[in-house]
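Right, one structure below, let's go through it.
All heavy atoms count here, side chains included; hydrogens, waters and symmetry mates do not.
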Amino acid sequence: MNIGLLNKSNQAIARVTGNSLASAKERAEALALKGRNAKTVWRLQFESLPDIAKRRAAALNPALLKAYEPYYDAYLADLNHSYSAIAALQMGVIMQDLSQEAEWTDLFDNDTEATEYKAKLDDRLTTLRAAARLAIKAELKRLPSDDEGRVFVEISEADLLFLTCDRPNRIANAYLDAVPKNDRFAWDTARGQLELYAGLDIRTESALLAIDKVEATLPPAPPKDMHIVLFVGHRIDEPKRPEPRFPAALEEKVRDGIRAALAKAKSAATRLVVLSSGAPGSDIICHELCRELQIEHTLCLPMRRDDFAGQCFANIDDSWRTRFLHLADV
């Protein structure tokens with residue numbers, strides 16, 4: 001984990017949450033990311049330990065509270081934000097289970113404070129179970145059937161069933177229905193959460209059965225020595241840009257630099273995968289070079305292809321739109 005990048009992420013989050021002009025959804029998303037960052041730090045403190053008892057004891061550290069509270073604050077910021085509702089519920093259920101351990105009281109200044117926090121947590125979880133269900137159903141109703149983000153909400157519905165049902169086969173079937181059979185990326189986050197439960201001996205039978213059943217339907221996991229490149233570059237300058245940054249005249253020079261970097265990365269990895277958007281300029285050049293160099297690459301768009309093509313190529317030579325569509329159509 002890169003602590004420097006994590007600190008920069010938290011600084012950006014603070015700017016959003018401290019901005020009075022930020023919308024409720026933006027605040028919720030920023031706070032949920034804060035929770036995710038804190039959860040990452042918390043997990044690193046115990047997940048490599050060799051047995052369950054040691055993992056549970058090590059998980060009861062102050063970072064546990066820091067991983068839960070931002071998720072709950074995100075839910076309060078936007079009661080329609082289904083991700084923060086389910087994430088707060090997930091962390092809350094883990095805390096509730098761990099509160100059975102003797103070390104629970106060591107997180108607080110005294111036993112009274114520990115008991116009061118546990119009672120407050122129990123009340124919150126009762127609310128969150130109902131709130132997460134409503135938020136997920138409302139979001140599924142809002143999203144069209146072909147929306148790319150819908151799959152993650154459907155997986156959240158299975159996540160909720162995991163936390164509210166004691167039927168392992170029913171839970172596993174819910175994940176089977178929600179996870180696309182060719183989309184390991186969508187499954188990885190859910191799998192990571194299920195592995196967290198099992199590692200802490202929380203609903204272990206349900207977690208392991210769901211993992212086994214879904215894994216049996218998916219392509220093999222990528223090799224551990226796979227090298228993933230996240231490519232982000234400058235857009236080509238629009239005409240009459242006051243201060244040139246990436247003028248069209250420099251395209252070949254930029255292309256040569258990206259080609260050299262990709263070739264070097266390819267030679268150093270057993271399998272290289274490049275992820276990049278499709279903006280006019282460096283992004284498109286990167287994808288074109290991946291084809292030239294026979295490097296596996298994925299076009300990552302923040303919206304539907306046609307919307308992206310309509311919005312991101314205004315005031316730019318139309319040849320860039322043609323190049324984008326050629327990439328997207330293959």
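- Within the 4.5 Å cutoff, the side chain of Ile211 has heavy atoms near those of the Glu195 side chain.
- Taking the charged nitrogens against the carboxylate oxygens, Arg203 and Asp166 do have a contact shorter than 4.0 Å, which makes a salt bridge.
- In terms of modelled atom types and a separation under 3.5 Å, the side chain of Gln311 and the main chain of Phe308 share no donor-acceptor contact.
- Heavy atoms of other residues, nucleotides or ligands lying less than 6.0 angstrom from CD of Glu205 number 12 at most.
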Which pairs of donor and acceptor atoms, one on a side chain in residues 130-142, lie under 3.5 Å apart (sequence neighbours left out)?
| residue | atom | partner | partner atom | Å |
| --- | --- | --- | --- | --- |
| Glu139 | OE1 | Ser82 | OG | 2.4 |

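- In this structure, Leu208 is not a member of the same hydrophobic cluster as Ile155, with clusters built from ILVMFWY side-chain heavy atoms closer than 4.5 Å.
- Criterion: ILVMFWY side-chain heavy atoms under 4.5 Å apart, direct or through other members. Under it, Leu65 and Leu76 are part of a common hydrophobic cluster.
- Using a 4.5 Å heavy-atom threshold, the side chains of Tyr75 and Thr127 count as touching.
- In this structure the side chain of Val151 reaches within 4.5 angstrom of the side chain of Pro180, judged on heavy atoms.
- One finds no salt bridge joining Glu148 and Arg304 here, because no Lys/Arg side-chain nitrogen approaches an Asp/Glu carboxylate oxygen to under 4.0 Å.
- Under the 4.5 Å side-chain contact rule for hydrophobic residues, Phe185 and Val153 share a cluster.
- Counting non-hydrogen atoms of other residues, nucleotides and ligands closer than 6.0 Å to NZ of Lys181 gives a total above 12.
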Leu262 vs Val274, side-chain contact (heavy atoms from CB on, under 4.5 Å): CA-CA, chis, key distance, verdict | CA-CA 9 Å; Leu262 289 173; Val274 177; 3.9 Å; yes
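- A donor-acceptor pair under 3.5 Å links the side-chain atoms of Arg291 to the main chain of Leu327, judged by distance alone.
- Checking side-chain atoms of Ser277 against main-chain N and O of Cys300 turns up a donor-acceptor pair under 3.5 Å.
- Contact annotation: the side chain of Leu250 approaches that of Pro247 to within less than 4.5 Å [non-hydrogen atoms, C-beta and beyond].
- Using a 4.0 Å cut-off between charged side-chain N and carboxylate O, Asp123 and Lys120 make no salt bridge.
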Give the intermediate values and the outcome of salt bridge (Lys or Arg N to Asp or Glu O under 4.0 Å) for residues Glu296 and Arg271.
-> CA-CA 8 Å; Glu296 187 177 344; Arg271 179 184 174 192; 2.7 Å; yes
Leu89 and Leu160: CA distance, side-chain angles, deciding distance, side-chain contact (heavy atoms from CB on, under 4.5 Å) verdict | CA-CA 8 Å; Leu89 180 60; Leu160 177 62; 3.6 Å; yes
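- Heavy-atom contacts from other residues, nucleotides or ligands closer than 6.0 Å to CD of Gln294 number 12 or fewer.
- Salt-bridge annotation for Arg321 and Asp318: present, with a side-chain N of the basic residue lying under 4.0 Å from a carboxylate O of the acidic one.
- Judged by distance alone, with hydrogens and angles left aside, the side-chain atoms of Arg235 form no donor-acceptor pair with the main-chain N or O of Gly281 at under 3.5 Å.
- A single hydrophobic cluster is seen to contain both Leu299 and Ile295, as judged by linkage of ILVMFWY side chains at heavy-atom distances under 4.5 Å, directly or through other members.
- Counting only N and O atoms by type, the side chains of Arg36 and Tyr83 include no donor and acceptor under 3.5 Å apart.
- Without hydrogens or angle criteria, Arg259 side chain to Leu289 main chain gives no donor-acceptor distance under 3.5 Å.
- With salt bridges taken as basic N to acidic carboxylate O contacts below 4.0 Å, none links Lys118 and Glu113.
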Check the pair Phe324, Arg305 against side-chain contact (heavy atoms from CB on, under 4.5 Å), reporting the backbone distance first and the verdict last.
-> CA-CA 10 Å; Phe324 164 76; Arg305 188 202 74 159; 3.9 Å; yes
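- Legend: salt bridge (Lys or Arg N to Asp or Glu O under 4.0 Å) pairs involving residues 274-288, not counting sequence neighbours, sorted by first then second residue: Arg255-Glu288, Glu288-Arg323.
- Residue-environment remark: NZ (Lys266) exceeds the threshold of 12 foreign heavy atoms within 6.0 Å.
- Looking at Glu103 and Arg56, no side-chain N of the basic residue comes within less than 4.0 Å of a carboxylate O on the acidic one, giving no salt bridge.
- Of the N and O atoms on the side chains of Gln193 and Asp159, not one donor lies less than 3.5 Å from an acceptor on the other residue.
- In the model, Asn169 has a side-chain atom that pairs as donor or acceptor with a side-chain atom of Lys213 under 3.5 Å.
- In terms of heavy-atom proximity, Gly199 sits nearest to Ile52 at O-CG1, 4.0 Å.
- The backbone N or O of Ser23 sits less than 3.5 Å from a side-chain atom of Glu26, completing a donor-acceptor pair.
- More than 12 non-hydrogen atoms from other residues, nucleotides or ligands lie less than 6.0 angstrom from CZ of Arg245.
- In this structure, His297 contributes its side chain and Ser276 its backbone to no donor-acceptor pair below 3.5 Å.
- Applying the ring-ring contact (aromatic ring centres under 6.0 Å, His included) definition to pairs two or more places apart or across chains, those involving residues 112-170 are Phe108-Tyr117, Phe162-Tyr197.
- Within the 4.5 Å cutoff, side-chain heavy atoms of Thr217 are placed close to those of Leu176.
- Residue pairs meeting the ring-ring contact (aromatic ring centres under 6.0 Å, His included) criterion with at least one partner in residues 32-57, sequence neighbours excluded, are Trp42-Phe46.
- In the hydrophobic cluster analysis, where Ile, Leu, Val, Met, Phe, Trp and Tyr join through side-chain heavy atoms closer than 4.5 angstrom, Leu301 is grouped together with Met303.
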Test side-chain hydrogen bond (donor to acceptor under 3.5 Å, both in side chains) applied to Tyr68 and Arg124, step by step = CA-CA 12 Å; Tyr68 162 73; Arg124 284 181 175 181; 3.2 Å; yes
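- A salt bridge does not link Glu157 with Arg150: none of the charged nitrogens is closer than 4.0 Å to a carboxylate oxygen.
- Among residues at least two apart or in separate chains, there is no ring-ring contact (aromatic ring centres under 6.0 Å, His included) pair with a member in residues 227-261.
- A donor-acceptor distance shorter than 3.5 angstrom exists from the side chain of Asn61 to the backbone of Ala58, with no hydrogens or angles considered.
- Under a 4.5 Å side-chain heavy-atom cut-off, the cluster of Ile, Leu, Val, Met, Phe, Trp and Tyr residues that includes Leu33 is completed by Ile13.
- Using a cutoff of 4.0 Å between basic side-chain nitrogens and carboxylate oxygens, Lys34 and Asp73 are not scored as salt-bridged.
- Looking at every heavy atom in both residues, Asp51 comes nearest to Lys54 through OD1-N, 2.9 Å.
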